[in-house]
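Here is the structure we will look at, set down as structure tokens.
Letters A, B, ... mirror the listed sequences (proteins, then strands); counts begin at 1.
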Number of protein chains: 2
Amino acid sequence: MLVTLSDVAQLAGVSPSTVSRVVNNNGYVSEAIAKRVMDAVAELDYRPNVVARSFRSKTTMTIGVVVSDLTNSYFMDALGGIEEVLSPEGYLLLIASSNNVVSRELQYCLEFDHRRVDGTILASAGASPAKLSTVFRKDSRVVLIDRMIDGAGFDCVLDDNESGVNQLVEYLVEQGHQTFGVVSGPLSISAGSERVDAFERALARAGYDVRPEWKWIGEFTDEYGYGAGQLLAALQEKPSAVFCANNALAQGLLLSLNDAGIRVPDDVSVVSYGTLANGKLFRTTVTCVEQPARETGRAGARLLLERIRGNDEPYQVLRIPPRLSLGESVRRIESLRTNR
Amino acid sequence: MLVTLSDVAQLAGVSPSTVSRVVNNNGYVSEAIAKRVMDAVAELDYRPNVVARSFRSKTTMTIGVVVSDLTNSYFMDALGGIEEVLSPEGYLLLIASSNNVVSRELQYCLEFDHRRVDGTILASAGASPAKLSTVFRKDSRVVLIDRMIDGAGFDCVLDDNESGVNQLVEYLVEQGHQTFGVVSGPLSISAGSERVDAFERALARAGYDVRPEWKWIGEFTDEYGYGAGQLLAALQEKPSAVFCANNALAQGLLLSLNDAGIRVPDDVSVVSYGTLANGKLFRTTVTCVEQPARETGRAGARLLLERIRGNDEPYQVLRIPPRLSLGESVRRIESLRTNR
DNA sequence: AATTGTTGTGATAGCGTTGTCATAGCGTTG
DNA sequence: CAACGCTATGACAACGCTATCACAACAATT
């Protein structure tokens with residue numbers, strides 16, 4: 001019913017093989033024949049059947065990307081970087097958002113495997129290595145971004161969380177802060193544990209710590225951030241600075257503080273790991289670690305490309321250094337000395 | 001190299017046909033055999049080759065979605081609605097952003113066609129019916145959302161722009177505004193022409209108009225909005241209210257007015273067709289037409305599903321009514337009478 | 001002149017799945 | 001009990017393409 005290679009071959013008076021060579025631009029084809037074929041293609045309005053091609057050639061030129069939250073600008077930026085690298089190479093992206101639900105994440109990865117993607121880029125919501133290994137085959141090409149999974153045995157590109165957090169703490173201490181709170185997603189995710197650990201370690205070096213009752217560990221969502229903000233607002237005694245381990249948390253926290261009538265930075269200072277989405281309109285007014293999202297995406301895509309092209313060296317972990325971006329969400333504490 | 005249907009069949013001691021029936025859950029299969037097959041599937045860790053399946057069955061269970069700007073929350077919301085309808089039906093989405101470049105839009109649509117998607121949902125950046133008909137085949141299933149294309153002959157779901165704009169104008173006039181500016185994307189796109197036309201018609205009914213020098217027609221991007229804001233800021237005599245035909249324009253305009261030291265709404269009032277992305281954090285502070293993005297996506301997906309399932313009635317245009325959302329970007333003009 | 005390599009083309013054989021048809025056993029019905 | 005429909009399974013072909021091989025024709029090298 002639809003025009004096939006053979007139809008074109010017949011009209012051009014050549015073999016299907018030759019038409020295939022022309023449309024794929026590989027193998028030896030003479031100028032004259034190529035032109036004859038292309039004319040036939042145009043005349044019949046031939047559309048290559050990519051499904052048949054993929055079936056035969058066992059390569060789909062498709063990359064699956066699973067992120068944990070598509071509405072988060074970090075992942076959108078990373079996606080941009082991925083596309084930037086993969087699109088010119090002829091790959092199409094299959095994009096899915098797990099919405100921070102691990103089971104959905106696994107489900108998408110499995111679906112992608114069934115659809116025979118050439119590789120998968122995964123920003124995990126916290127899948128275990130065990131679960132992951134049931135989903136992927138031993139020869140699956142997978143690159144993790146933003147969140148590392150120990151023991152999964154995949155390439156990984158992520159922030160140098162330690163460096164980012166250190167810059168943040170340095171700045172906070174410099175500004176005179178002495179009491180600190182933390183809001184984070186699950187510590188089972190590297191983005192959680194690494195940032196929180198680094199935060200506490202950096203504080204320790206400066207002679208401070210985080211009081212247990214000022215630690216809120218939940219999900220990497222603005223909803224959880226909002227809830228944490230409510231708890232914070234209700235506290236009699238508050239930390240002078242609160243560290244949010246990602247931008248969604250910061251967003252929720254700031255909104256809830258605003259709703260509760262707590263002013264930032266007058267009443268409490270807030271810093272975020274990750275840029276706030278709305279910085280564009282209202283300028284970046286939150287002091288934060290500016291994540292190299294796009295570069296992370298690019299690096300992940302490049303790593304995956306190498307794997308597809310046969311690189312079978314041991315997997316590697318790439319750390320990309322972020323930089324501090326100063327906003328107006330941190331108060332300078334001049335002289336006040338609290339006894340601790 | 002990989003486990004196939006036949007491998008499973010062999011282990012289970014049945015024919016490939018039977019295994020196919022089991023894994024697809026269609027046709028007659030006895031309980032006993034089904035169990036035997038499923039055990040074999042589990043033991044071999046069989047993964048259906050969806051590419052082969054698609055090739056044979058001529059249906060990919062894939063829907064292509066081309067939007068003009070993935071970073072725009074309107075399209076993200078619409079995407080959510082689309083996914084909500086299509087995902088439970090087993091469809092996977094192929095998502096692409098044309099970034100308002102018509103050639104890229106066409107390219108993606110063509111690529112999707114080659115990949116044999118079962119249907120396409122398109123928020124066009126302004127492709128002509130002629131171009132579109134070279135890309136799609138006569139039996140292509142296509143649904144347009146947000147932007148209608150006259151003469152394309154496809155189903156279409158979009159805002160009742162007239163109603164939305166009327167509500168806006170009514171409110172502006174009620175607040176005492178008498179001089180108006182407009183910022184819009186191309187009038188070749190229905191979202192542009194319909195909104196601008198409706199705006200001018202509604203104003204005319206109220207006895208007002210838009211001065212030619214207060215009309216800025218460009219692209220539906222925040223960049224263009226920013227530029228328009230600069231032009232506006234530089235004007236000696238300004239309109240008292242400016243209508244932005246989409247949210248990206250409003251975003252850019254507001255940012256540039258802010259940069260130029262023009263206060264909203266004190267110096268100039270701004271209204272937007274479409275919700276501002278950052279309403280979430282800073283609350284909706286811009287008076288705007290709240291678009292039924294998610295419902296538009298849902299309706300488009302449902303329309304497409306019907307087409308796929310064989311509905312071949314004449315194509316239809318669905319208009320979804322939006323509603324006004326009051327913010328703080330419009331000043332009430334009490335008594336001032338300007339002579340015009 | 002013989003050998004080798006390069007270029008250009010065709011014939012053939014599947015890839016893994018499912019649609020279609022054939023067949024056979026069974027229960028129900030007039 | 002013959003006729004029929006329903007259930008259950010297998011055999012077989014074919015989907016459109018490309019990998020592989022085979023083979024020419026010709027050029028370049030020994």
When you measure from every atom of DNA chain C, which of residues 37-59 of chain A have a heavy atom less than 4.0 Å away?
A:Phe55, A:Arg56, A:Lys58

Would you check if [X] and [Y] make a side-chain contact, meaning some heavy-atom pair closer than 4.5 Å?
{"X": "B:Glu89", "Y": "B:Arg309", "result": "yes"}
{"X": "A:Cys109", "Y": "A:Leu122", "result": "yes"}
{"X": "A:Arg47", "Y": "B:Leu110", "result": "yes"}
{"X": "A:Pro292", "Y": "A:Asp159", "result": "yes"}
{"X": "A:Thr60", "Y": "A:Arg115", "result": "no"}

Short side-chain N/O contact from [X] to OP1 or OP2 of [N], under 4.0 Å:
{"X": "A:Thr18", "N": "C:dG10", "value": "yes"}
{"X": "B:Ser30", "N": "D:dT7", "value": "no"}
{"X": "B:Thr4", "N": "C:dG16", "value": "no"}
{"X": "B:Ser20", "N": "C:dT18", "value": "yes"}
{"X": "A:Tyr28", "N": "C:dG8", "value": "no"}

Starting at CD1 of B:Ile145, measure out to CG of B:Leu303 and round the result to the nearest 0.5 Å.
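Answer for the CD1-CG pair, B:Ile145 versus B:Leu303, is 11.5 Å.
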
Round to a whole Å and report the spacing from [atom1] of [X] to [atom2] of [N].
{"X": "A:Asn24", "N": "D:dA19", "atom1": "CG", "atom2": "P", "answer": "8 Å"}
{"X": "A:Gln10", "N": "C:dG10", "atom1": "CD", "atom2": "C1'", "answer": "15 Å"}
{"X": "B:Leu2", "N": "C:dG16", "atom1": "CG", "atom2": "P", "answer": "8 Å"}
{"X": "B:Met61", "N": "C:dT17", "atom1": "CE", "atom2": "P", "answer": "17 Å"}
{"X": "A:Asp7", "N": "D:dC15", "atom1": "CG", "atom2": "P", "answer": "11 Å"}
{"X": "A:Asn26", "N": "D:dA19", "atom1": "CG", "atom2": "C1'", "answer": "10 Å"}
{"X": "B:Leu5", "N": "D:dA11", "atom1": "CG", "atom2": "P", "answer": "15 Å"}

Quick one: closest heavy-atom pair of B:Val66 and B:Ser98, and the distance?
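Looking at all heavy atoms of both residues, the shortest contact is CG1-CB, 4.4 Å.
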
Does B:Arg21 get its side chain close enough to the base of D:dG10, under 3.5 Å, for a donor-acceptor pair?
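Side chain to base: pair present.
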
Residue matched to C:dG30 through Watson-Crick or wobble contacts both under 3.5 angstrom:
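Partner of C:dG30: D:dC1.
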
Counter-base of C:dA11, judged by Watson-Crick or G-U geometry with both distances under 3.5 Å
D:dT20

Return the 5'-most residue of the pair B:Pro16, A:Ser17 with respect to DNA chain D, ranking by each residue's nearest nucleotide.
B:Pro16

Among C:dT9, D:dT18, C:dT17, find the nucleotide with the atom closest to the side chain of A:Ile33.
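Selected nucleotide (nearest to the side chain): C:dT9.
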
